[in-house]
There are 2 protein chains.
Amino acid sequence: MASPWTLDRFQVFLGTFVHSKTREELEYLHDAAVAVDKQGQIVGIKAGCGSVAAAKKQLLEGLGLKEDEVDVCSCGEGQFFFPGFIDTHVHAPQYPNVGIFGKSTLLDWLQKYTFPLEASLRDLDKARRVYGACVRRTLAHGTTTAAYFATIDVAATKLLADLCLALGQRALIGRVCMDAPAINPEYYRDESPEASLRATRETVDYVRRIDDGRGIVSPILTPRFAPSCSSELMTGLASMQREHDLSVQTHISELVDDVKLATSLFPHSGSYAKIYDDHGLLTARTILAHAVRLTDGEATLVAARQAKVAHCPCSNGCLTSGKARVRWLWDCGIDVGLGTDMSGGFSPSMLEAARQAALASRYVAMDLAPGGEACERSKLGVEEVLYLATRGGAEVVGLADRLGRFEVGMQWDAQLVSLHLVPRDDDDDEPAGSSDAGNVDVFGWETWEDIMAKWLYNGDDRNTNKVWVRGRLVHARSR
Amino acid sequence: MASPWTLDRFQVFLGTFVHSKTREELEYLHDAAVAVDKQGQIVGIKAGCGSVAAAKKQLLEGLGLKEDEVDVCSCGEGQFFFPGFIDTHVHAPQYPNVGIFGKSTLLDWLQKYTFPLEASLRDLDKARRVYGACVRRTLAHGTTTAAYFATIDVAATKLLADLCLALGQRALIGRVCMDAPAINPEYYRDESPEASLRATRETVDYVRRIDDGRGIVSPILTPRFAPSCSSELMTGLASMQREHDLSVQTHISELVDDVKLATSLFPHSGSYAKIYDDHGLLTARTILAHAVRLTDGEATLVAARQAKVAHCPCSNGCLTSGKARVRWLWDCGIDVGLGTDMSGGFSPSMLEAARQAALASRYVAMDLAPGGEACERSKLGVEEVLYLATRGGAEVVGLADRLGRFEVGMQWDAQLVSLHLVPRDDDDDEPAGSSDAGNVDVFGWETWEDIMAKWLYNGDDRNTNKVWVRGRLVHARSR
């Protein structure tokens, strides 16, 4: 039986394609044609042929395909294809709590809001409801790949992997490891380092088995954060990482109290980053969420190990954690992606995360001499935050060879974006909100750069009309 | 002929009503009934009667109304009534530019993006298209009252007033006054103080005439900001203000360069606030937008004059202007409302402005000792930012006796908010985005406080199902 991940036919996508060429530059391919094979891989791209019809013709001829052998998807006026978003840091079980954080900061937020909810998902009916809503919602926002923290529960974590596979979202699935008593409540922690490692291994094996080499779901080792983990546990996870070449995700340096707690629990390491490094967990496959307060020395160490950073501006704002300096991280040679960090972050939307990354960078700039070079440089532009949400994210989750841009050899993980065109003649009979076209009003005189800015700042899931993962249509708006 | 602003029948609204009781407290009236007369005024409220049916019965009996004499609007599960939003600072002509600001700050943003667009609206066809889209869009977001800056053009400003009246949005309409050469380009400024005053008087008269005492549209004097205005102009506007008891709106103390420019142009005043005060424009009817960098002395002066502040967190972030300290303004005894400040701000949504006010306050907190009292106090809670968006705004625009809460004697300027209830049984056939119910997922175990937080952080215009101004239904989502 053919896997549902192998398609019946080739597909050809026609129209405008926008993606990050570099951090600073979006590339616009107009009147272009992109061919995708039955395994969801881009096998041909034609642009600059004078018309979309010519591009299509040349593309099909070059591939030796006939018109009736392919399915065609064209984008119309006000539409463009964009790479799917990559959420490099998100807690699936916390989805029901988005927006609920009061005036808390990280450590009290964990105790008051987060651990009780996570623990409650050992009820698999509840887990199914929460995870189902989370995966559907993030897919609807154009998130084609997510690096998920689940909970400590093995069965619920397996269920999350099942749901991602069934609903078609590419995902890294992490059973959360947390065995230390310092911060983890008695009702929600692993019994011992051994139990934690055993449960992790079971989850890793399961996720690999159900994925069956398709590259949709994959396991990721997930020590919650240093204060949650014993040395034995972290050392054991590092062994597992080396043995199976696994990805790793954890948190680092979120707010002042968090740094103090971590370094007080591991006094010999001397710094937060060094704790992970001392335990063998600072690797080229490691995703460090937040990195708000890294020192110069820590940044040098992170860069040397080629570990990655998941920047979470929504969460850093909501929980008053601080201002992560993305430009500085880049200057240090560290790859950076974006995370929604639900529910420390308030939104399941990566477009919102990108928007907040732009705003957060302006708060970084406000701390610097107005108009000075450092101030100006620290601001992130539209192109840069969209890079973070796609190509930057692909680097962070270790899939830059497959995801994040439109090139031959890459996977077709993409979204069709559609914006509202304001009628030429003011028509009193068309009230706003009567159509489901969203909040981005295009008047017709805008440049493409303007249009991308408008989408970034006022777009939402209504503008994400269709979403594909590995060539498979996994979400379509009903109107 | 009956005015369209007088209704044929009384209306009764049934269900849950939420509004600000104080800055810190939202009041929840469940199973309640609210009666609204033909002039859109709330004439009766019943709650705590045991059931909504009992509340309705007692309400009608108390008012001597029969069931068949009233129109009834009930809210269902996951729905509640909330006061309409009051946008205390918004530039209607800049609506097409939302999201388009690059890395600019105020003074270059004005020259590059803003003045050219504003000037172009002397083309009345263009103005009609832009203003129509702006008013419809803000109504769809639940903005029942807006304090608009228009442009210097008299005809286009009249058109904005016409559109607000026709579409049913309560609005303060300000023709922008700007005659000084320092910052205003030659292609876009008033010819002289006299010409500016004459054009203003014409607009004031027009707006009053078309409103005809209904209180829907009213004029507001609008010196753009001190660097845009001559002394003669400001003095003339102050005379007009006293003569006709008019509202005034302007900008103050947005970013460092702006303060420098203003105080250098008016060296005798010594401070930005003193410039307005020296010209007689700092009154109890004056709305000052931004107030990011007021000194203690200026705040004392503003409080003494009972002038109000329109806090514009989106704009202050986008344009890297700085962090306005709302708690401090309140502590100084200054009334504060919220403004979208399109297109310095990126969004037409007051819910977005409220959300960004909460986040901006956390960036203020980050500058203070973590965990200290000042740090904790500076954070604004859900209740406080929703207060700013409604009742606070009513104070700022001088309509606190009529708007901002549900009480007998107040106008029915309201919105029906509707949230998405996640099905009890996970249903694989209901993908997110298939309904138009928006992004707020209610699982059923949340408290009402949780629900308001979820709405604040993930709500959008899809959750604003219906909007009324003065009892008249002015917006309804088609599904």
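In what follows, every heavy atom counts, from backbone to side chain, and hydrogens, waters and symmetry copies are set aside. Convention: sequence-line order gives letters A, B, ...; per-chain numbering from 1.
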Interface moiety of [X] toward chain B, non-hydrogen atoms closer than 4.5 Å:
| X | value |
| --- | --- |
| A/Q356 | side chain |
| A/W455 | neither |
| A/V135 | neither |
| A/S343 | neither |
| A/S321 | backbone |
| A/Y131 | neither |
| A/A360 | both |
| A/P370 | side chain |
| A/V256 | side chain |
| A/L456 | neither |

Query raised in the report: Would A/H290 and A/D341 satisfy side chain to side chain donor-acceptor pair (under 3.5 Å), going step by step from the backbone distance to the final call?
Result: CA-CA 9 Å; A/H290 300 289; A/D341 192 23; 3.2 Å; yes
Between [Y] and [X], does any NZ, NE, NH1 or NH2 come within less than 4.0 Å of an OD or OE carboxylate oxygen?
| X | Y | value |
| --- | --- | --- |
| B/D123 | B/R129 | no |
| B/K103 | A/E376 | no |
| A/R462 | B/D460 | yes |
| A/K379 | A/E384 | no |

**Report entry** Donor on one side chain, acceptor on other, A/S104 and A/K112, under 3.5 Å
**Finding:**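 No, no side-chain donor-acceptor contact under 3.5 Å.
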Query raised in the report: Do B/D441 and A/Y95 have side-chain N/O donor and acceptor atoms under 3.5 Å apart?
Result: yes
**Report entry** Option in B/A365, B/C314, B/C318 with maximal non-hydrogen atom pairs under 4.5 Å from chain A
**Finding:** B/C318
Query - Pairing residues for B/T143 by the side chain to side chain donor-acceptor pair (under 3.5 Å) criterion, not counting sequence neighbours - result: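 Partners of B/T143 under the side chain to side chain donor-acceptor pair (under 3.5 Å) test: none.
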